[in-house]
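This report concerns only the one structure given below.
All residue numbers in this chain count up from 1 along the given sequence. Because the structure is predicted, anything quoted here is derived from the model rather than measured.
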Amino acid sequence: MRVRWTLLVLMLALLLSVAGRPGATSATTGITPVQLNPDLPATSDVFAFKISPDGHYAVYISNISLADASELYSVPTDGSAAPQRLTPLPTSGYSIEQFWISPDSQYVVYIANQDTLERRELYSVPIGGGPSVKLSPPVDSFESYLITTLTFDPQNMVVFYAFAAVADNVAVRAIYRATLSSGAPTLISDPSLLATAPALSADGSTLFYLAYNDNHNNYLYRVSRSGGTSYQLNPNLDYNQYISEFVLAPDQQALTYKRITQHPSQNNVYRQELFQIDLNGNAPLRLSFDAPNYYASDDLRYTADSRYVVYTSDQRITDTLELFRADTQTGDVVRLSPLLPATGNIYYYQLSPDEHWVLYRLSVQGAQRQLYAVSLDGQSAVMLSGLPRPDIFMPESAIISDSSAAVFVADYEVAYRYGLYTQPFTATGAPTRLFPTLGESDVENLLPVPGQRGLTFQATSNDNSFSRLYYADLNTNAVTELTPDFIATGDIYQENVIFRRDGRWYAAFVADYAVDNQYNLYTVALPLAAPTSFQLYLPALLR
C-alpha cells in the first residue's frame with residue numbers, strides 16, 4: 001500500500017528549498033514539459049505509452065474515437081508533427097491488448113481484436129503510419145487464442161512469437177516467424193510439440209524454446225531460424241521432472257535452465273535446481289547445491305562475460321532466500337550474502353553496470369530492512385544503509401550509471417516518512433538524504449540516467465492529490481522538479497521513461513496536469529549535459 005504525505009503542496013515546495021541535509025534544493029527555471037497528444041475529449045485518456053529505441057517516436061494507447069474502444073497512435077517526441085493513428089477507426093469493443101516497437105524503430109507490433117471482436121491476433125504497422133499487416137496464422141477454427149511470448153530478430157526484422165489456442169478441446173502451442181513488412185507467418189517449432197518461450201541467439205541464426213514431448217515433460221529445443229528439424233538439448237527427465245524456464249548466456253555458447261522435480265509423495269512440494277548446458281550436447285553442469293531439501297531458485301542473471309550466474313535461493317535453509325554466485329566453468333557455488341537466520345530473506349538484488357558490485361536488500365524478522373553491497377568475488381561487503389531504526393522499510397533501490405553509489409527509498413529517520421538517500425559503495429555510516437522526509441511521502445520509480453551521475457524519481461502526496469517528477473544530481477546532491485506549474489491535483493498515471501533524442505536526455509510520462517483526471521502524454525528535458533556514451537534505459541514493464 002502506498003504511503004503518502006499529509007503536507008500541502010505549498011509546504012512541500014517550501015521544504016524542497018530547505019537543505020535538511022546537503023544538497024536538498026530545488027530549481028525549476030526553464031523547465032517546461034511538452035504535451036505530445038492533442039487536447040482530448042472529456043471521456044478520453046492516454047492509457048499507456050512506449051518510446052522508440054532511437055528516441056524519435058512515442059507510441060501510445062488512447063480512446064479518442066470511442067469511450068469504450070482503444071487505438072494506437074504515434075507522435076514525434078519533439079512534438080514537431082501531429083499524432084498518427086496506427087490502427088483502423090474502431091468500433092465499440094475494439095481494444096489494443098499489448099504492443100511492442102521493433103529494435104530499428106520502424107514498426108509497431110500489437111495484439112488486437114481488429115478483424116473479429118472476440119479474437120485477439122497479432123499485427124504490425126509502420127511507426128509513422130500506413131496499412132497494418134497480420135502476423136499471426138489463421139485462427140477461424142480455434143475456440144480461444146493468445147500470443148504468449150514475442151521476440152525480435154534485430155538484423156532481419158522478423159518477429160518470433162509463441163501462439164497458444166484451443167481447437168476442438170485440443171491444445172495447440174507453436175512458434176511462428178513472420179516478416180514485419182509483409183506478414184506471411186511460418187511455423188518454426190516442431191509441429192508435434194507444444195512449444196512456448198522462444199529466445200533468439202544474438203546473431204539471429206538459432207531459436208531456442210521449451211516444449212512438451214510425448215512423455216509430457218518440458219524440454220529444451222533449438223532450431224534454425226528458418227525452421228526444419230528441432231533438436232532436444234537437455235537429457236531425458238524423470239516422469240516427475242520438467243524445465244520451467246531458461247536464460248541464454250551472453251556469449252551464446254550455453255544456457256542455464258531451471259529443473260523442477262515434484263516431491264514423490266507431496267503434490268504441492270517442488271525442488272528447483274539450476275543447470276547449465278552448452279550447445280555442443282555435453283552433460284549439464286550443476287550451478288546450485290545438490291541439497292536434499294526442496295528449495296526455490298529465482299532471479300537468474302548471467303554476467304556480461306558469461307562467467308558467472310547470480311541468483312537467490314533457499315538451498316541452505318528452507319524458506320530463507322540468500323544470494324549466490326555460480327561459476328559457469330567449474331560449477332562452484334559461492335554465497336555472497338551474510339549468513340541469515342531462518343527469519344531472513346534477500347528480496348531484491350541488482351548487478352552494478354560495471355559488474356563489480358551486487359546491490360541487495362534483505363529483511364530479518366519480517367520488518368527490518370537493510371541495504372548491502374558485495375563485490376562479485378565475495379571479498380568485499382558493506383552495509384550501505386548504516387544503522388537505521390530496527391523497523392525500517394526500504395521499498396526501492398537503484399545503482400547510478402557509473403557504478404559508484406546506490407540510491408534508495410526508506411523511512412530512515414521517522415517511521416512511514418519516506419525519503420530518498422544515497423550512499424557510495426566505498427562508504428559506511430549514515431547515508432546522505434536527497435529528498436525531505438517531513439510528512440508521509442511515497443518516493444518511487446528510481447531511474448538512473450545512463451552516462452550521468454543522476455536519476456529521476458517520483459514523489460506523491462499522501463492523499464493522492466498530486467504527484468511530481470524530479471531529477472536528483474549526485475554531483476551536487478541537488479533536486480530539481482521537472483513538473484512545475486501544473487495543476488495542484490495533477491498526478492502521474494504511468495511511470496516515467498528516460499530516453500535520448502538528438503544528444504539530449506528526456507523523461508516521458510502520462511499525467512493529468514492540464515485537466516483533473518484527464519491524462520495526457522508529456523516529455524520534459526532533463527537538466528544535464530549530453531553524455532558521451534549511453535545505453536537506453538526502460539523500465540521492465542515497458543520493454
### Value rounded to 0.5 Å, distance of CZ in F457 from CD in E396
11.0 Å
### Query
Of the non-hydrogen atoms in S337 and Y360, which two are nearest, and what is the gap between them?
CA-OH, 3.7 Å
### Message
For a side-chain contact (heavy atoms from CB on, under 4.5 Å) check, start with the C-alpha distance between I51 and T77, then their side-chain angles and the critical distance, and finish with the verdict.
### Response
CA-CA 8 Å; I51 303 297; T77 51; 4.1 Å; yes
### Message
Is there a side-chain contact between P284 and P235 in this structure, where contact means two heavy atoms from C-beta onward sitting under 4.5 Å apart?
### Response
yes
#### Entry: Geometric class of the Y209/Y221 ring pair [parallel <30°, tilted 30-60°, perpendicular >60°]
parallel
#### Entry: Whether R177 side chain and V159 backbone form a donor-acceptor pair below 3.5 Å
no
### Side-chain heavy-atom pair M394, S363 within 4.5 angstrom cut-off
no
### Query
Which pair of non-hydrogen atoms, one from S230 and one from I188, has the smallest distance, and what is that distance?
OG-O, 4.5 Å
### Query
Okay, side chain of S70, backbone of N63: is any donor-acceptor separation there less than 3.5 Å?
no
### Query
Below 4.5 Å, heavy atoms only, C-beta onward: do V75 and N37 meet side chain to side chain?
no
### Message
Looking at D278 and Q253, would you say the former's side chain and the latter's main chain have a donor-acceptor pair under 3.5 Å?
### Response
no
#### Entry: Trace of the side-chain contact (heavy atoms from CB on, under 4.5 Å) decision for Y257 with L274
CA-CA 6 Å; Y257 63 88; L274 294 179; over 6 Å; no
### Message
Under a 3.5 Å distance rule, please check whether S352 uses its side chain to pair with a backbone N or O of E355 as donor and acceptor.
### Response
yes
### Query
Does the side chain of Q252 come under 3.5 Å of the side chain of S201 through a donor N or O and an acceptor N or O?
no
## Note on the structure
Test ring pair (Phe, Tyr, Trp, His ring centres under 6.0 Å), reference Y73, set Y110, Y57, F47, Y60, output is Y60
### Message
A side-chain contact here means heavy atoms from C-beta on lying under 4.5 Å apart; do T456 and I498 qualify?
### Response
yes
### Query
Which atoms form the tightest heavy-atom contact between S102 and M157, and what is the distance?
CB-CE, 3.4 Å
### Query
Which is it for T179 and S181 under the side chain to side chain donor-acceptor pair (under 3.5 Å) test, yes or no, and what are the steps along the way?
CA-CA 6 Å; T179 304; S181 59; 5.7 Å; no
### Spatial distance of atom OG1 (T320) from atom CD (Q315) [nearest 0.5 Å]
12.0 Å
### Considering all heavy atoms, the nearest A507-N496 contact
CB-OD1, 4.3 Å
### Task
Could you tell me which residues satisfy side chain to side chain contact (heavy atoms under 4.5 Å, CB included) with T312, sequence neighbours excluded, listed by chain and number?
D298, D299, L323, I346, Y349
### Task
Check whether NZ of the Lys or CZ of the Arg R222 lies under 6.0 Å from the centre of the six-membered ring of F208 and within 45 degrees of that ring's axis.
no
### Query
Rounded to the nearest 0.5 Å, what separation is found between the CG atom of L86 and the OG atom of S124?
11.0 Å
### Query
Within the side chain of S74, is there an N or O that forms a donor-acceptor pair under 3.5 Å with the backbone of G129?
no
### Task
Return yes if some donor-acceptor pair links the side-chain N/O of Y372 with the main-chain N/O of V358 below 3.5 Å, else return no.
no
### Query
Can you check salt bridge (Lys or Arg N to Asp or Glu O under 4.0 Å) on R271 and D290, steps first, answer last?
CA-CA 10 Å; R271 183 186 189 189; D290 188 11; 2.9 Å; yes
### Query
If we only count heavy atoms from C-beta on, is the Y94 to T87 side-chain gap below 4.5 Å?
yes
### Summary
Here the salt bridge (charged side-chain N to carboxylate O under 4.0 Å, His left out) pairs for residues 65-74, sequence neighbours left out, are E71-R85
### Task
Please check if the side chain of T256 supplies one atom and the backbone of V247 the other of a donor-acceptor pair under 3.5 Å.
no
### Distance-only donor-acceptor check, side chains Y308 and T328, under 3.5 Å
no
### Query
Looking only at heavy atoms, which two atoms of S380 and W357 are closest? And how far apart?
O-CZ3, 4.1 Å
### Task
With side-chain contact (heavy atoms from CB on, under 4.5 Å) as the test, would you mind laying out the steps for T206 and L200 before giving the verdict?
CA-CA 6 Å; T206 306; L200 198 63; over 6 Å; no
### Query
Looking only at atom types and distance, does a side-chain atom of S95 sit under 3.5 Å from a main-chain N or O of E97, one as donor and one as acceptor?
no
### Query
Are Y239 and Q241 close enough, and set up right, to give a side chain to side chain donor-acceptor pair (under 3.5 Å), and what steps lead you there?
CA-CA 6 Å; Y239 75 95; Q241 295 179 329; over 6 Å; no
### Query
Is there a donor-acceptor contact under 3.5 Å linking the side chains of Q458 and N445?
yes
### Message
With side-chain contact (heavy atoms from CB on, under 4.5 Å) as the criterion, how do I127 and Y107 come out once you've worked through the C-alpha distance, each side chain's angles and the decisive distance to 0.1 Å?
### Response
CA-CA 5 Å; I127 198 168; Y107 287 91; over 6 Å; no
### Task
Kindly assign one of parallel, tilted or perpendicular to the pair F324 and Y311, based on the angle between their ring planes and the thresholds 30° and 60°.
parallel
### Query
Is a side-chain donor or acceptor of Y219 paired with a backbone partner of L237 at a separation under 3.5 angstrom?
yes
### Message
Considering only residues two or more places apart or on different chains, which pairs with a residue in residues 300-311 satisfy salt bridge (charged side-chain N to carboxylate O under 4.0 Å, His left out)?
### Response
R307-D327
### Task
Only pairs at least two apart or in different chains count here, so list each salt bridge (charged side-chain N to carboxylate O under 4.0 Å, His left out) that has a residue in residues 148-161.
D153-R225
### Task
Could you name each residue pair satisfying salt bridge (charged side-chain N to carboxylate O under 4.0 Å, His left out) that touches residues 244-269, not counting sequence neighbours?
E245-K258, R259-E273
#### Entry: Nearest-0.5 Å distance that lies between atom CZ in R316 and atom CG in D314
10.5 Å
#### Entry: Value rounded to 0.5 Å, distance of CG in L187 from CD1 in I175
9.0 Å
### Task
Test the K50-F99 pair against the cation-pi criterion, namely NZ or CZ under 6.0 angstrom from the six-membered ring centroid and within 45° of the ring axis.
yes
#### Entry: Any donor-acceptor pair under 3.5 Å from N218 side chain to Y242 backbone
no
### Query
Is the closest side-chain heavy-atom distance between I111 and W100 below 4.5 Å?
yes
### Query
Would you say the side chain of T523 lies within less than 4.5 Å of the side chain of F499, judging by non-hydrogen atoms?
yes
### Summary
Residues passing the side chain to side chain donor-acceptor pair (under 3.5 Å) test with S132, sequence neighbours excluded, are Q114
### Message
In the structure I gave you, are the side-chain heavy atoms of Y231 and V223 within less than 4.5 Å of one another anywhere?
### Response
no
### Message
Restricting to non-hydrogen atoms, name the atom on Y123 and the atom on A112 that form the minimum distance, rounded to 0.1 Å.
### Response
CE1-O, 3.7 Å
### Summary
Between the CZ atom in F275 and the CG atom in L255, the distance rounded to the nearest 0.5 Å is 13.0 Å
